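Numbers for residues simply follow the sequence, beginning at 1. This is a predicted model, so every value here is computed, not measured. Counting convention: from 1, in listed order, for ligands and their atoms alike.
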Amino acid sequence: MVGNHSADDRQTPTEELVVVSNREPYSHAYADSDGGGDSDDREIEVQRPVGGLTAGLDPVMQRAEGTWVAWGDGEADREVSDAEGRVRVPPEDSSYTLQRVWLDDEEVEEYYYGYSNQVLWPLCHGDVGNITYEPRFWQRYESVNERFADAAAECARESDSGSLVWFQDYHFGLAPAMVRSQVGDETTIAQFWHIPWPSWESFEVCPQAHQLLEGLLANDLLGFHVDPHCANFLECVDACIEGATIDWDAGRVHHAGHETAVESFPMGVDAERIERLAGSEEADDFWADFRDSQGIAEDATVAIGVDRLDYTKGIPERIRAVEHLLETRPEYRGEFVYVQKASESRSRIPAYQQLQREVEETVERVNERFGTDDWTPVVGVTEMLPPESLYGLYRHADLGLVSPVRDGMNLVAKEYVAAQVDNDGALLLSKFAGTAQDLGNYAYAINPYATEEFAETIHEAVTDSPTDRKRRMRQLRQLVAAYDLDAWMDDIFGTVEDLRGEGETDSGSGERDGTGGIEGQSAEADGGNV
Ligand code: GDG
């Protein structure tokens, strides 16, 4: 297990690191974005990552001094980039290059809102009913993958010491093979797929199942959050790719003269930072103001849910469980408040508009049914909160309700745990979130569809003895702190290094270029099972 490390023993690839993601780590916007004034004299401000992977990778990129390839979607991005779309970041102390890829409106519509989010997203979450397929989506996905692949391959070719190209997520199902065809075996290609991989029974409905699997098998390392997603992927390769041989135990696929390692790395969060911010004065001040402004009584039992408004997150199911609790256990009326922090997401897509309406209607119904002049059972928050405020909400909420119907991991569950600096919260966690593989033993397990049981589990968590709740929370906090975001990255970089070692032994070359290793202590590539 990798964990509890200091800043000095973190791994940074010494070869050129090229990260490819859809979202960029820094975007540029006009300070007065009301559209007024001449763009020549308008002030430009930099927007930074607020959390999660992008914020976590930024310091790694600063140490590695590599290149980050991403869609330049900021309105002032072109103005600050050179003719090739490059800009040095971070702005105050530049240490790496952000290579922007420009996408026009049609490309965004068809590649991002189309194939990525109306085909692959529902497909991978096993929700085939929400798939909307159009041939133009696929054509655009292919051509945009080509654009990102060209940019990544060019960066890889510029390095004398070999490169590691690291793709993030489902927006790039074809790009690994496109890069491989340009750079050959000298470049290591890895990818992390942040969402689930479905069974073959679900995946085979995809018209491009074969092309996507071929694209991904060009990776040297393909990572998923948890073992069942790796097993599903191997099952799909077995069913669809003729001539591929699979080592099921080791998680290796041999195909077309190339080996791909398929392994799990359960992503973590920056637990130390969350704990620090959750315990800050700003977090307490936000909570006090929030409680006052929402009329939440000081002794109320508060539960929180934090999600993008997405149909995979089980938001209406959760509110219905709260409704059932209030219906069957009247003692909670006037005493229990559920805070739903939901940020708008992908709202150009009809399924997301429909979900938004459903959530609004469900909240309204529960509040009309049970609410009184001085008590609102369900409080909705839609604005994006700064990290201190979000962690303040987590810290002061008695219960964290995390009930996705399907989720690759779900970082909110881990953030809620990291923010429990007094060890006094309780986490209710869906069996269908990847996080359940890590935290399932100590969280209160729920099935989001089983409304009555879900409501009873809320009651159980509230009425359990404080000693039992604290015991569970202490265990959860240890797990979240031990395998944090840095440990996750170390684990991946360590595995890349091990694989390269294996490749060198296999080919008998012994040495590749003398600089192709990774600095720091070697991580144990154990798939991160904590
Ligand atoms: C995908 C996979 C996987 C939300 N509201 C605010 C805010 N957030 C942040 C949370 C959390 C993030 O958004 C949401 O992350 P999740 O992991 O819960 O979900 P997805 O966005 O669907 O992410 C998922 C993840 O990729 C990583 O691999 O876990 O399974 O679906 O970090 O904190 N942050 C701030 N203010 C808000 O109002 N600052």
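Close contacts between ligand 1 and G408 involve ligand atoms 30 (O) [criterion: under 4.0 Å to a heavy atom]. Taking every heavy atom of K341 and a limit of under 4.0 angstrom, the matching atoms of ligand 1 come to 5 (N), 6 (C), 37 (C), 38 (O). Listed by number with element, the atoms of ligand 1 under 4.0 Å from a non-hydrogen atom of V412 are 18 (O). Listed by atom number, the atoms of ligand 1 under 4.0 Å from M267 heavy atoms are 27 (C), 28 (O). Atoms of ligand 1 found under 4.0 Å from any heavy atom of R308 (numbered from 1 in listed order, with element): 20 (P), 21 (O), 22 (O).
A parallel orientation is assigned to the rings of W287 and H396, their planes being inclined by less than 30° (bins at 30° and 60°). A parallel orientation is assigned to the rings of Y394 and Y391, their planes being inclined by less than 30° (bins at 30° and 60°).
Looking at every heavy atom in both residues, A149 comes nearest to A175 through CB-O, 3.9 Å.
For ligand 1, the polar-atom distance check finds no N/O of I195 at less than 3.5 Å from any of the ligand's N/O atoms.
The closest approach between a heavy atom of Y416 and any atom of ligand 1 is not below 4.0 Å.
At a heavy-atom distance under 4.0 Å, only side-chain atoms of W121, from C-beta outward, approach ligand 1. With a heavy-atom cut-off of 4.0 Å, V306 touches ligand 1 through its side chain alone.
When ring centroids are compared, F290 and F286 come within the 6.0 Å threshold. When ring centroids are compared, Y352 and Y311 come within the 6.0 Å threshold.
If you check each of M409, H194, K414, K313 against atom 20 (P) of ligand 1, the one with the closest non-hydrogen atom is K313. Across the listed options H225, E388, M384, H225 owns the non-hydrogen atom lying nearest to atom 3 (C) of ligand 1. Between the choices L411, L385, L393, D310, the shortest heavy-atom distance to atom 16 (P) of ligand 1 belongs to L411.
The closest side-chain heavy-atom distance from N232 to F203 is not below 4.5 Å.
Salt-bridge annotation for R147 and E107: present, with a side-chain N of the basic residue lying under 4.0 Å from a carboxylate O of the acidic one.
Tested against N423, the residues Q475, R469, R477, R472 include a single side chain to side chain donor-acceptor pair (under 3.5 Å) partner, R477.
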